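So the structure is just underneath, and the comments pick up after that.
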Amino acid sequence: MKQALAKLLEQAIGQLQRDGVLPADASATIKLENTRDRAHGDLATNLAMALGKAAKCKPRELAALIIEAIPDNGVISKVEIAGPGFINFFLAQDARNAVIADILHAGPRYGANDDGAGERIQVEFVSANPTGPLHIGHGRGAALGDCICRLFELNGWQVTREFYYNDAGQQINNLALSVQSRCKGLGPGDPGWPVDGYRGDYIAEVAEAYMAGRTIDAEDQHVVGAADPEDIESIRHFAVAWLRREQDVDLQAFGVAFDVYTLESSLYETGQVEQTVQQLVDSGHCYERDDALWLRSTDFGDDKDRVMRKSAGGYTYFVPDVAYHVDKWQRGFKRVINEQGADHHSTITRVRAGLQALELGIPAGWPEYVLHQMVTVMRGGEEVKISKRAGSYVTLRDLIDEVGQDATRYFLAARAPSSQLVFDIDLAISRSNDNPVYYIQYAHARVCSVMDKLAQDGLQYNREQGLANLALLSNDNEKALVKRLGQYGEMVGKACRECEPHLVANYLRELAGEFHSFYNNHKVIIDDTALRNARLSLSLAVRQILHNGLDLLGVSAPEKM
RNA sequence: GCGCCCGUAGCUCAGCUGGAUAGAGUAGUGGCUUCCGAAGCCAUUGGUCGCAGGUUCGAAUCCUGCCGGGCGCGCCA
């Protein structure tokens, strides 16, 4: 609809240029925006104001000329010049109503498009260290990452969801030592407890299972506890496997599944880390100093050079990170998005610098990043400090159990990633009925309920008649709904381009609100068959979009509540 | 000190590739169910868009400088 109008305006501008009203080189991007106020029509453009100077005439006068130059068409029903020179377009109702038929025909696939042209894209998200259960911050990453994936899929991309396990660093040593101490009956604070040991109760659970010789059976791993408190390698292996399984269970409960899991340790085993280091050395961007190997990352915009190999031996964490991204590149992903917490912000420059230094033809801005800000958890009016070492934090599993998967996912995805998020557990639990997600789901259930009532009354929905009588939808509530439905496709495209799932949440709230308003003002099941079927068509289109949108967020669309 | 993010109604947040009287939820007040689900609707109260300059027909939105909050700034990951 918008595109059709933009094309008409383009033709109008071309006409005015031929007529000499506008200089041939005058140009302005044609910007059409959805109006906020219905009195301003459906779409408005500031074209006349933008071109006023070039045409050397007043914006309102130019607006009149533009309007005159617009070719005849079936899209526009009325045009007005308003304010300083806005051109307001009122769309023909027939043209607007067409969206209802489109939605009903496309069903669950409505909104899908070809923007991605089937290109492959990889989204890495969550990527929690296997040193403890997932907390609410990981939950935000999971909710956002998964929604972003769903958006890309809808927009025609072939998406790979990937999880990267840092299972090879110092923190894993701490984990192994912590479990070992528990195996020996030590607790946090006891003499001999590791300085940076993990204090949470789950460490004791891991130790107990290890000593009991329990088996961890998961998709890609089968590990048996060796029950030997002196075998630190065995403990490490068991603990990582245990915690990975725990995280998988949490993610499953959250409705998030990954296609590929990559272990940092595997990059060492395959020699990819060594190979990357060698290539970096060969590239001439490295140097030795103070017994350490450095990357001259300042050549690529970093504010200081970075150590690659420590003087005591061993690589710093970003070296396997670079090797990992080389691997992603070699797997053929022209686009890679890493969704992570903003506290990892500093790694971006470093990883990109390493990739540039390799001179593999990787673009400077590759990979892309979506960073989400911290989640603050409130409980009993007080902030709950999240500290893995202190063992006091809110796990994702707790949240799902208490708040429910739907509400948790909605809350965590409904805010812009760049904004800090306050998650008030008391509010989410005790006032769960006021939760916005129920408001949206309720609208969906209401349409289902209308359909039930229709059947109870011995009536049937006649789609053909409904679509043939859409012109009967003429009240403000109906018009508002039709207009909103018409914006779904545009919204979905923007949410994907900007990697901002919260746009979906906002849209759904608006749509649900407008439906509730319509529902309260007008009966759907009425004697007038033509109008009844038209309203049913509208309601079913609304239900479909609510369903599709909730699906993008990973939230269910219940038929009854 | 440097880098990134944020500062909009009592609270939680949208709006930010400049547009027409600044929006929603929640909290407060007052209404609406012999009629498809009141988990709803309608009305109303509430804002110097952190502050000060600048850019222009027009700034919550762009630029600069301050102030306030968060996160980073390691031969940790």
Side-chain angles (χ1 to χ4, degrees), chain A residues 29 31 33 35-37 39-40 44-46 49-50 52-53 58-59 82-86 88 129 131 166 168-174 196 264 289-294 302-304 306-318 320-321 341-349 371-374 376 378 411 414-424 427 431-443 445-454 456-457 459 498 502-503 505-506 509-510 512-513 515-526 532 535-536 539 560-561:
Chain A
T29 48
K31 220 174 84 182
E33 42 185 44
T35 55
R36 229 176 345 190
D37 189 336
H40 297 149
T45 183
N46 62 348
M49 289 181 282
K53 264 189 187 165
K58 290 177 184 169
F86 290 102
N88 295 335
N129 292 341
T131 55
N166 287 103
Q170 184 56 38
Q171 82 282 6
I172 297 296
N173 290 333
N174 285 338
D196 291 324
E264 181 186 4
R289 195 181 74 198
D290 303 334
D291 297 324
L293 179 66
W294 296 69
D302 206 350
D303 55 351
K304 56 180 104 166
R306 304 292 169 178
V307 169
M308 291 169 58
R309 189 180 59 235
K310 297 174 265 187
S311 56
Y315 296 114
T316 54
Y317 75 96
F318 92 94
D321 244 21
D343 54 338
H344 290 84
H345 171 258
S346 60
T347 70
I348 297 177
T349 313
L371 301 179
H372 64 260
Q373 295 290 321
M374 301 277 294
T376 306
M378 301 291 287
F411 260 104
R415 304 287 186 228
S418 61
S419 284
Q420 288 174 45
L421 175 64
V422 175
F423 199 111
D424 189 331
L427 189 75
R431 312 188 61 84
S432 60
N433 282 356
D434 295 329
N435 198 311
V437 70
Y438 294 120
Y439 182 83
I440 296 165
Q441 290 178 320
Y442 183 49
R446 262 188 156 168
V447 179
C448 295
S449 166
V450 169
M451 297 310 288
D452 285 348
K453 181 70 166 54
L454 187 74
Q456 279 169 30
D457 291 354
L459 298 170
E498 313 280 332
H502 73 283
L503 298 179
N506 291 347
R509 195 167 204 304
E510 301 288 330
F515 179 76
H516 286 310
S517 189
F518 160 74
Y519 182 89
N520 273 272
N521 281 327
H522 307 283
K523 283 202 68 171
V524 175
I525 301 174
I526 49 177
R532 181 177 73 223
R535 283 182 177 166
L536 282 167
S539 301
K560 287 190 187 345
M561 295 175 67

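Residue numbers begin at 1 in each chain, while the letters A, B, ... track the order of the sequences. Quick caveat, the model's predicted, so the values are computed rather than measured.
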Tell me whether B:U26 sits syn or anti, counting syn as a glycosidic angle within 90° of 0.
-> anti
Distances for protein N/O vs nucleotides 6-12 of chain B N/O pairs under 3.5 angstrom?
from: B:U12; atom 1: O2'; to: A:Arg415; atom 2: NH2; distance (Å): 3.4

Is a side-chain donor or acceptor of A:Ser539 paired with a backbone partner of A:Val447 at a separation under 3.5 angstrom?
-> no
Partners passing salt bridge (charged side-chain N to carboxylate O under 4.0 Å, His left out) against A:Glu510 (at least two apart in sequence or in another chain) = A:Arg484
Heavy-atom side-chain contact between A:Val524 and A:Phe518 under 4.5 Å = yes
Within less than 4.0 Å of OP1 or OP2 of B:G15, is there a side-chain N or O belonging to A:His502?
-> yes
Touch check for A:Asn88, heavy atoms < 4.0 angstrom, all strands: base, sugar-phosphate only, or nothing?
-> base
Under 3.5 Å donor-acceptor, A:Glu498 side chain and A:Leu503 backbone = no
Between B:G23 and B:C5, how far is it from one C1' atom to the other, in whole Å?
-> 23 Å
For A:Lys560, what residues pass the salt bridge (charged side-chain N to carboxylate O under 4.0 Å, His left out) criterion, not counting sequence neighbours?
-> A:Asp452
N/O to N/O distances under 3.5 Å, protein versus nucleotides 33-37 of chain B:
from: B:C35; atom 1: O2'; to: A:Lys523; atom 2: NZ; distance (Å): 2.8
from: B:C36; atom 1: O2; to: A:Val524; atom 2: N; distance (Å): 3.3
from: B:C36; atom 1: O2; to: A:Ile525; atom 2: N; distance (Å): 3.0
from: B:C36; atom 1: N3; to: A:Val524; atom 2: N; distance (Å): 2.9
from: B:C36; atom 1: N4; to: A:Tyr519; atom 2: O; distance (Å): 2.6
from: B:C36; atom 1: N4; to: A:His522; atom 2: O; distance (Å): 2.5
from: B:G37; atom 1: OP1; to: A:Ser449; atom 2: OG; distance (Å): 2.6
from: B:G37; atom 1: O2'; to: A:Tyr442; atom 2: OH; distance (Å): 2.1
from: B:G37; atom 1: N7; to: A:Ser449; atom 2: OG; distance (Å): 2.9
from: B:G37; atom 1: O6; to: A:Met561; atom 2: N; distance (Å): 3.4

Give the rounded distance in Å between these two atoms: CD of A:Glu33 and P of B:G58.
-> 18 Å
Give the stems involving RNA chain B, where a stem is 3 or more consecutive Watson-Crick or G-U wobble pairs (i with j, i+1 with j-1, and so on) under 3.5 Å.
-> B:1-7 with B:67-73, B:10-13 with B:23-26, B:28-32 with B:40-44, B:50-54 with B:62-66
P spacing across the pair B:A38 / B:U29, given as an integer number of angstrom = 23 Å
Heavy-atom donor-acceptor pair, A:Arg532 side chain to A:Ile525 backbone, under 3.5 Å = no
Under the salt bridge (charged side-chain N to carboxylate O under 4.0 Å, His left out) test, which residues partner A:Arg415, sequence neighbours left out?
-> none
If you look at every strand shown and take non-hydrogen atoms under 4.0 Å, does A:Ala443 touch a base, only sugar-phosphate, or nothing?
-> nothing
Between NE2 of A:His372 and C1' of B:C4 the distance, given in whole Å, is 15 Å
Taking RNA chain B as the partner, which of residues 306-313 of chain A come within under 4.0 angstrom of it by heavy atom?
-> A:Val307, A:Lys310, A:Ser311
Quick note, A:Tyr439 side chain, CB onward, closest among B:G72, B:G40, B:A39 is B:G40
Looking only at atom P, what distance separates B:A24 and B:C63, rounded to whole Å?
-> 28 Å
Choosing from B:A77, B:A20, B:G70, which nucleotide comes nearest the side chain of A:Glu264?
-> B:A77
N/O (side chain, A:Lys304) to phosphate O (OP1/OP2, B:G74) under 4.0 Å = yes
Residue closer to the 5' end of RNA chain B, A:Asn506 versus A:Arg509 (nearest nucleotide) = A:Asn506
How far does the P atom of B:G31 sit from the matching atom of B:C71, given to the nearest Å?
-> 47 Å
Side chains of A:Met561 and A:Tyr438: does their closest heavy-atom pair fall under 4.5 Å?
-> yes
Say you pick atom P in B:G70 and the same atom in B:C13; how far apart are they, in whole Å?
-> 15 Å
Min side-chain heavy-atom separation A:Thr316-A:Arg306 under 4.5 Å | no
Listed by chain and number, what are the side chain to side chain contact (heavy atoms under 4.5 Å, CB included) partners of A:Met374, not counting sequence neighbours?
-> none
Decide yes or no for A:Tyr519 and A:Val450: does some side-chain heavy atom of the first lie under 4.5 Å from some side-chain heavy atom of the second?
-> yes
Tell me whether A:His345 is stacked on the nucleobase of B:G3, counting only the six-membered base ring and applying the 5.5 Å and 30° thresholds.
-> no
A:Ser517 vs B:C42: side-chain N/O to OP1/OP2 distance below 4.0 Å | yes
For A:His516, which residues count as a ring-ring contact (aromatic ring centres under 6.0 Å, His included) partner, sequence neighbours excluded?
-> A:Tyr439, A:Tyr442
Donor-acceptor under 3.5 Å (A:Asp457 side chain, A:Leu459 main chain) = no
Report yes if some heavy atom in the side chain of A:Thr349 is under 4.5 Å from a heavy atom in the side chain of A:Asp303; otherwise report no.
-> no
With A:Ser517 via side chain to side chain contact (heavy atoms under 4.5 Å, CB included) - residues at least two apart | A:Asn477, A:Asn521
Identify each atom pair where a protein N or O and an N or O of nucleotides 54-56 of chain B are less than 3.5 Å apart, giving names and distance.
none

Check whether the side chain of A:Asp303 and the base of B:G3 form a donor-acceptor pair under 3.5 Å.
-> no
Looking across every strand, which nucleic acid part, if any, lies under 4.0 Å from A:Asp424 by heavy atom: base, sugar-phosphate, or nothing?
-> nothing
Partner set under salt bridge (charged side-chain N to carboxylate O under 4.0 Å, His left out) for A:Arg309, not counting sequence neighbours = A:Glu288
